[in-house]
Amino acid sequence: MEYNFKEIETKWQKHWDETSLYQAPDKADPKNKFYMLVMFAYPSGDIHMGHFRNYIIGDAIARQQMMLGKDVLHPFGWDAFGLPAERAAIQRDIHPSDWTEKNIKISRETLQKVGISFDWSREIASCFPDYYKWTQWMFIQLYKKGLAYRKRGFVNWCPEDKTVLANEQVKDGKCERCGTEVVKKDQNQWYFKITDYADRLVDDLDTLPEWPENVKTMQREWIGRSYGAEINFKIDGSDESIAIYTTRPDTIFGVTFMAIAPEAEILDSLNIEGDFKPKVEEYKKKAMTRSDIERSSATDEKDGVFTGKYAINPYNGEKVELWVADYVLAGYGTGVVMAVPAHDTRDFAFAKKYGIDIKVVIHPDKDTVLDSNEMDDAYTDYGVMVNSGQFNGLVGKKAIKAVIDFAEKEKFGCHKVNFKLKDWSISRQRYWGCPIPIVHCKDCGTVPIPEEKLPVELPKVKDFKPKGRSPLADVPEYINTLCPKCGGEAELDSDTMDTFVCSSWYFLRYIDSKNDSVPFMKEKVAQYMPVDLYVGGITHATGHLIYFRFFQKFLKDIGWVNDSEPAKRLFNHGMVCDSNGDVMSKSKGNVTSPIGLMEERGVDVSRLAMFFTAPSDKEVLWSSDSVTGVEKFTVNKLFPMHEKLRNSKPDLKCYFKRDNLDEFEYSLYIKLNQVIKQVSDSFERLQFNTAISGLMELVRDYDSDKITNDQFNDFLILKTFQMSAPLMPHLAEEVWKFAGFENSIFKSNWPVCDESAIVKDTVVIGVQINGKLRDEIEIPMDCNQKTAEAIAFKSEKVKSYTEGKDIVKIIFVKGRIFNIVVKG
RNA sequence: GCGAGAGUGGUGAAAUUGGUAUACACGCUAGAUUUAGGAUCUAGUGCCGCAAGGCGUGGGGGUUCAAGUCCCCCCUUUCGUACCA
């Protein structure tokens, strides 16, 4: 039989589809299930090498888990709302929904050609009403719990895309999608109160040992929890006070000024007078027109203006100047900073520029004294408190606690935890997204659409070009409605949701994707959740992967799911780059499609080439050179092995005993079991490259002519194809059928290593003299040092190195090394 | 700046706990076969050296009988973050 991959591949794809091989059981055993999840795709066109790599990783694991007898759920769907659909639609004058559906169709067909074991019966697309109905339902549940709220404030605005962006969508002060510099805009927006979950989002990272450490670190830093104090300073000549947040209360006696963010509301209540007023106003205006990228640069020279007002330090009664400075962020803490030039780099630079006092209140230790006149930078480490009244001599954390405790006792401050994480802004002034199910009524305010009236359907309008306000605002038949509460005239919210909302709960919908009355049945979700392995790119570390954990926690709180965390194990595959090392992306125009390769060399060989090139977590510079070796292996070595089958119908569950095999056969049996162990382990670590090298060695060592035991011959061949099956499913299935099996190879049992075979009787170990390898000896596996010595010293080489020298020491590690330490 | 990874032949890469560095491939060299081949097979292939031998996992130190693996300093590079008080 010739290796006709085209025939083999189309035949089995059709057969698997017809027999619903990948359909996950509706009733699964929660103790014996495996939920294999890959990040669903944005249908931006056809799939490329990056997708290809992502999905074959998940596919190999899903197939192996099937063979391990698990109830496997391996679904797929489409993250189908979003900006690119609109952009492409405008360029091509075609409706986003038509464009999206067309792309879904093409992408789905390609994925089917790749032979991915997706359960297509559960397919979802976030832009279809039967899905986004439940996205709206999610919104309403959050709203009911006070976790979805509307607020006016400064938001990130992309002038190119003409929409609001979440913090997670701004990179280096630029729009993540189009690279345009983001500006600030005052706007009414919906937010999800993710900050209520900030503590749990940080703490529960410790319950995820199978998540990569770098992702957990990135999330911790993004959430940015810090412990400190909030302290109130009285404003001089007024009853009002001004609150600051600090993590360094031990430096509070060194405060010589305060810096207020230009946007901070407290500025308005200061009653700035005289000459100061226009100067402050002018500075505020200037700060607002500067872009975030300018303002947030750490190298930017700090500037500000004095307000003419003072505050009183509650610890020592000193008057400190109040300044406005745009290095202070309005959105963090209270938007006001107590400035301690001696112990903060930024405050130091500012004080130097404006000639403000620098007062040392921390010494590095008892014997080192700082002099503010000689300092050329701030001393920012912990140390001993000095010039700090009753607190003098206290150090570090103890000092901090004492200072805050005093504030609490005197009722002008308290312990405080702060986060960098901000509430999630989810309104988008765009057409192609999930409509926000809220009505604005003059009398009742914001009123949610009753759940039984969902979905609020997105109307199919012709004009969806961005104008700076939502295109839906210009569709009166959509906007004008009646208030569900009072029945009076009202308006629907004209914004749509950030697509990250759609992707925050899709993994739950797969489990019960057709359900019309609830988002999913709790009982069904309990059977398959949590996700056992989630495979996707690192790019989602601080976006999607925080949002979907947030949703899971919220749904647990309202009783819809049982687990606090959605995914037990996370795996980030490496990027696929072109031969220059640039990441393949549509915008760069350097994407390679796997289709050409698959048509030329076959799907199985293409998959094998990608697996073999590098371990799954490493970046890959794709070139078709990678294919040569695995193609030779497949076509010339592995596939022809099936011709050596002797139709002996071996029992695949049995182990062979040494007595039943001759010497060559037994050595091959040992190799087989070593490879079974190696391949199983490689799958566990998702390092398929080493699994393949193991298979290559096994096939190389196999020699039909030297095998007389027919059952062993067939046993070895069949085990080889079983191990190859998750990597090259079509070829393996073909051989399985050829060998006479009725059921799919994926219904057979994954090979189990015969441990007794890989315990060897003798072992070849290295003999070192002073740590340098000089010879090798073969010794019994569990021999003692004496025996090993006897054998080692027979070696001529060992003799030549030890003669006439003192043997200081002999180190013998069983099965590993024999080392002689000599002197002289 | 800060944080986390990474650095091994000409190339992609192996080396579960410190224990024979370079498995498995690509490429290259030589030979065989073929009308011919970018096909196939065989042998060789870390570096220096005729050899014995020496040197070798970014560089420099250290711990150890033994270091790619552990510790310290430095260099290069990728990713994340960017005035978070």
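Letters go in sequence order (proteins before strands), and every chain restarts at 1. Keep in mind it's a predicted model, so treat the numbers as computed, not measured. Just so you know, these numbers use all the heavy atoms, side chains as well, and skip hydrogens, waters and symmetry mates.
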How close or far is atom [atom2] of [N] from atom [atom1] of [X], stated in whole angstroms?
X        : N     : atom1 : atom2 : answer
A:Lys216 : B:C79 : NZ    : P     : 23 Å
A:Asn636 : B:A25 : CG    : P     : 13 Å
A:Ile811 : B:C65 : CD1   : C1'   : 3 Å
A:Trp222 : B:U81 : CH2   : P     : 6 Å
A:Arg248 : B:A85 : CZ    : P     : 11 Å
A:Asp617 : B:C79 : CG    : C1'   : 13 Å
A:Met338 : B:A85 : CE    : P     : 12 Å
A:Ile538 : B:U81 : CD1   : P     : 10 Å

Would you tell me if any nitrogen or oxygen in the side chain of [X] comes within less than 4.0 Å of OP1 or OP2 on [N]?
X        : N     : value
A:Asn689 : B:A14 : yes
A:Arg774 : B:G53 : no
A:Tyr327 : B:A85 : no
A:Thr690 : B:C24 : no
A:Lys772 : B:C55 : yes
A:Lys632 : B:C26 : yes
A:Lys618 : B:A6  : no
A:Arg816 : B:U17 : no

Just to be sure I understand the rule, does [X] reach a base, reach only the sugar-phosphate, or reach nothing, if contact means heavy atoms closer than 4.0 Å?
X        : result
A:Phe612 : base
A:Asn819 : base
A:Gln768 : base
A:Thr345 : nothing
A:Val821 : sugar-phosphate
A:Val328 : base
A:Val764 : base

[N] to [M] separation - [atom1] atoms, rounded to the nearest Å:
N     : M     : atom1 : value
B:C47 : B:U22 : P     : 14 Å
B:U77 : B:C28 : C1'   : 29 Å
B:G58 : B:G10 : P     : 13 Å
B:C70 : B:U57 : C1'   : 16 Å
B:G9  : B:A21 : C1'   : 11 Å
B:G12 : B:G3  : C1'   : 30 Å
B:A39 : B:A32 : C1'   : 14 Å
B:A82 : B:C2  : C1'   : 9 Å

Out of [options], whichever nucleotide has its closest atom nearest the side chain of [X]:
X        : options             : value
A:Tyr245 : B:G27, B:A14, B:A85 : B:A85
A:Thr628 : B:G27, B:C41, B:A25 : B:G27
A:Ile817 : B:G3, B:A85, B:G19  : B:G19

Are any of the side-chain heavy atoms of A:Lys286 and A:Asp303 separated by less than 4.5 Å?
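A:Lys286 reaches A:Asp303 side chain to side chain.
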
Under a 3.5 Å cut-off for both contacts, is [N] paired Watson-Crick or G-U wobble with anything, and if yes, with which nucleotide?
N     : value
B:G1  : B:U81
B:U17 : none
B:G27 : B:U45
B:A6  : B:U76
B:A52 : none
B:U35 : none

Gap separating the [atom1] atom of [X] from the [atom2] atom of [Y], nearest 0.5 angstrom:
X        : Y        : atom1 : atom2 : value
A:Trp222 : A:Leu421 : CH2   : CG    : 8.5 Å
A:Phe688 : A:Arg685 : CZ    : CZ    : 11.5 Å
A:Trp323 : A:Tyr283 : CH2   : OH    : 10.0 Å

Please evaluate residues A:Phe348 and A:Tyr379 with respect to the criterion ring-ring contact (aromatic ring centres under 6.0 Å, His included), reporting the C-alpha separation (whole Å), side-chain torsions for both, the decisive distance (0.1 Å), and the verdict.
CA-CA 10 Å; A:Phe348 186 89; A:Tyr379 174 77; over 10 Å; no

Assign the ring pair A:Tyr245 / A:Tyr332 to parallel, tilted or perpendicular, where the plane angle (0 to 90°) is split at 30° and 60°.
perpendicular

On the 0 to 90° scale, with breaks at 30° and 60°, tag the A:Tyr3-A:Phe639 ring pair as parallel, tilted or perpendicular.
tilted

If the test is side chain to side chain contact (heavy atoms under 4.5 Å, CB included), which one of A:Ile810, A:Val813, A:Ile791, A:Ile811 qualifies with A:Phe818?
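That would be A:Ile810.
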
